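As structure tokens, the structure follows; a few thoughts come after it.
All values reported here derive from a predicted model rather than from experimental measurement.
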Amino acid sequence: MKKEVTVAISGLHLAEDGQQELEMAYDGEYYEKNGVHYLFFDELQEGFAEPVRNRYTMTAESLEVRRSGPVSANLRFREGERRQSTYQVPWGSLTAVFDTSRVRLDVQEDRLEMQVVYRLSLNGEEQAGCDIRVRVEEQKRG
């Protein structure tokens, strides 16, 4: 796969008060070394002048998400594991717990897809069941 990619992230959050679906797309950079897949992209969030820089490190067994800028976090997902992280935002910090039940990685010549299924708790309160999918494709030149 080429270095310049389009990153599509879709998610489904199932909570007591209903479900929320989201989908976002970004231009990014992709690298692969020794079976580890690296993805870099900037995310503009409402209310922030500076973008959030994202680095995804993907293997067949895990996903690590590092975010830096006005929002920072180091999130790790590994099937069958429960992990805790601090999510830092300008108005404070949240303690997030991820109880991951599924991690799947599918790598093809011109695309990559990853799925992570987990339960999310924030500051000790269960929030939602989550199903996140990351799709990476070579950018199309017209």
- line: Here the gap from E126 atom CD to D99 atom CG, rounded to the nearest 0.5 Å, amounts to 8.5 Å

task: State which residue, out of K2, K3, E4, fulfils the side chain to side chain contact (heavy atoms under 4.5 Å, CB included) condition with Q139.
output: E4

- prompt: Quick one: CG on L75 to CZ on R67, what's the gap to the nearest 0.5 Å?
  reply: 7.5 Å

- prompt: Does I132 belong to the same Ile/Leu/Val/Met/Phe/Trp/Tyr cluster as V117, with side-chain heavy atoms less than 4.5 Å apart forming each link?
  reply: no

message: Just by distance, no angles: are the side chains of D110 and Q108 close enough, under 3.5 Å, to form a donor-acceptor pair?
response: no

field: Side chain proximity check, V136 to Y56, heavy atoms < 4.5 angstrom
entry: no

Shortest non-hydrogen contact between L44 and P51, atoms and distance: CD2-CB, 3.7 Å

- request: Treat each ILVMFWY residue as a node, draw an edge where side-chain heavy atoms are under 4.5 Å apart, and state whether L94 and V65 are in one component.
  value: yes

field: Test item: S85 side-chain N/O and A96 main-chain N/O as donor-acceptor pair under 3.5 Å
entry: no

- request: Classify the ring geometry between Y31 and F40 as parallel (under 30°), tilted (30 to 60°) or perpendicular (over 60°).
  value: perpendicular

- prompt: Are any of the side-chain heavy atoms of V7 and M24 separated by less than 4.5 Å?
  reply: no

query: Just how far is it from atom CZ of F41 to atom CZ of R53, taken to the nearest 0.5 Å?
result: 9.0 Å

Interatomic spacing from CD1 in I9 to CD in E23 - rounded to 0.5 Å: 10.0 Å

- prompt: After noting the C-alpha distance and the side-chain angles of R66 and R76, does the key distance pass the side chain to side chain contact (heavy atoms under 4.5 Å, CB included) rule?
  reply: CA-CA 9 Å; R66 287 185 184 246; R76 294 178 183 210; 3.9 Å; yes

- request: Kindly indicate whether the side chain of L105, heavy atoms from C-beta on, has any atom under 4.5 Å from the side chain of H37.
  value: yes

message: Go through it in stages, so that I can follow the logic: the residues are T59 and E64, the test is side chain to side chain contact (heavy atoms under 4.5 Å, CB included), and I'd like the CA-CA distance, side-chain angles, deciding distance and then a yes or no.
response: CA-CA 9 Å; T59 69; E64 180 179 347; over 6 Å; no

- line: Value for CZ (F98) from CZ (R119), rounded to nearest 0.5 Å, stands at 13.0 Å

- prompt: Heavy atoms, side chains only, cut-off 4.5 Å: are R78 and E61 in contact?
  reply: yes

Connected via hydrophobic side-chain network under 4.5 Å: L122 and F77: yes

query: Hey, does L120 have a side-chain heavy atom less than 4.5 Å from the side chain of V97?
result: no

- prompt: Looking only at heavy atoms, which two atoms of P70 and P90 are closest? And how far apart?
  reply: O-CD, 3.2 Å

query: Hey, any chance Y26 and L22 share a hydrophobic cluster, counting ILVMFWY side chains that come within less than 4.5 Å of each other, even indirectly?
result: yes

task: Please examine the side chains of L39 and V134, heavy atoms only from C-beta on, and report whether any two atoms are closer than 4.5 Å.
output: yes

For R104, the option from Q115, E79, E113 that meets side-chain hydrogen bond (donor to acceptor under 3.5 Å, both in side chains): E79

query: Could you give the distance from CG (D42) to CG (N54), rounded to the nearest 0.5 Å?
result: 7.5 Å

